Amino acid sequence: MEPSITRAILRSFFKKLDQAAELDVALVGAGPSALMAARVLAAAGRTVALFERRLAPGGGVWGGGMLFNEVVLPADLAPLLDELGVAHEPAGEGLVTADSVELAATLIVAARRAGALVFNAVTVEDLVVRTDRVAGLVINWAPVVRQQMHVDPICVAARAVVDATGHPGEIVRLASQKGGLQLETPSRGVPGERSMWAEMGEVAVVQHTGRVCPGLYVCGMAANQVGGGYRMGPIFGGMLRSGRKVAELILNDLADA
Ligand code: 48H
């Protein structure tokens with residue numbers, strides 16, 4: 001039986017990897033904004049994959065606020081939580097709370113069930129570029145990168161790449177520094193996020209979500225790196241809205257192309 005188990009895993013895994021070799025959308029990171037975006041894009045029929053360096057997708061949701069495993073969301077997102085099946089409780093001031101483990105797990109399942117491929121323990125270490133655009137991702141096993149093994153990566157092509165790497169905003173920096181691409185951001189660079197101002201940060205993260213150069217988009221905390229927005233702490237409405245916004249922009253752009 002053991003050979004059958006091995007072959008079953010290999011066949012199924014390589015079928016997924018083969019599908020990911022040429023994608024409509026490749027998302028770097030699988031935090032809340034990326035998971036939300038992947039769900040919307042996959043539900044619209046696009047081929048989508050998430051590449052996440054950690055073993056567990058979900059990004060910063062699991063830990064709630066300072067490891068108190070609850071997160072806060074604006075009450076107007078209660079219908080979305082109901083649609084996803086995430087329990088929530090009123091918390092005053094137009095807010096609700098939700099169990100962070102339930103939210104993280106649900107966002108992962110929702111993205112998968114919509115048809116998004118998930119590659120965990122995979123680090124995006126570089127971009128595939130052409131003269132004027134981003135054309136794909138350079139990927140390697142996260143433990144290989146962490147151990148600094150001298151192992152060449154492989155690539156996946158994508159019509160749209162999304163930097164959803166959270167606070168570091170790694171991919172946009174790579175595009176401008178190493179890829180030599182001209183950023184369309186207001187500062188033409190990456191000014192970095194600002195200190196805590198929850199209300200402003202929640203709005204800014206959605207405002208700064210969008211295209212940064214042909215083929216490359218940014219969402220979630222990485223968008224605040226690019227736009228110089230405030231941070232907001234453990235309130236996740238902006239992340240979910242940002243993911244939805246980037247997905248809708250990409251769907252429009254791909255339809256026009
Ligand atoms: C593969 C990578 C790579 C790489 C990073 O940080 P995240 O949860 O992302 P967002 O932006 O959807 O959500 C941000 C939120 O969790 C948060 O931090 C908030 C609201 N902070 C507010 C505040 O004030 O602090 O997830 C990003 C994911 C992580 O899982 C990384 O491991 C992964 O991206 N990642 N994966 N290749 N090069 N870089």
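Computed from a prediction, not measured in an experiment: that's the story for all the values here. Whatever order the structure lists them in is the order used to number ligands and atoms, beginning at 1.
Listed by chain and number, V28, G29, A30, G31, P32, S33, F51, E52, R53, R54, G59, G60, V122, T123, V124, A164, T165, G166, H167, E170, G220, M221, R231, M232, G233, F236, M239 each place a non-hydrogen atom less than 4.0 angstrom from ligand 1.
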Side chains of residues 99-107: which donor-acceptor partners sit under 3.5 Å, not counting sequence neighbours?
unit_1	atom_1	unit_2	atom_2	d
D99	OD1	V101	N	2.9
D99	OD1	E102	N	2.9
S100	OG	W62	O	2.8
S100	OG	N69	O	3.2
E102	OE2	A87	N	3.1
T106	OG1	E102	O	2.6

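Residue M200 belongs to a hydrophobic cluster whose other members are W197, Y230, with links defined by side-chain heavy atoms closer than 4.5 Å.
Checked for salt-bridge contact, D126 and K178 meet the test: a charged N lies under 4.0 Å from a carboxylate O.
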Given side-chain hydrogen bond (donor to acceptor under 3.5 Å, both in side chains), test H88 with D82 step by step and report yes or no. CA-CA 8 Å; H88 52 87; D82 291 337; 2.8 Å; yes
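Remark: E170 engages R53 in a salt bridge (Lys or Arg N to Asp or Glu O under 4.0 Å) (not counting sequence neighbours).
Crowding of E83 atom CD: a count of heavy atoms from other residues, nucleotides or ligands under 6.0 Å exceeding 12.
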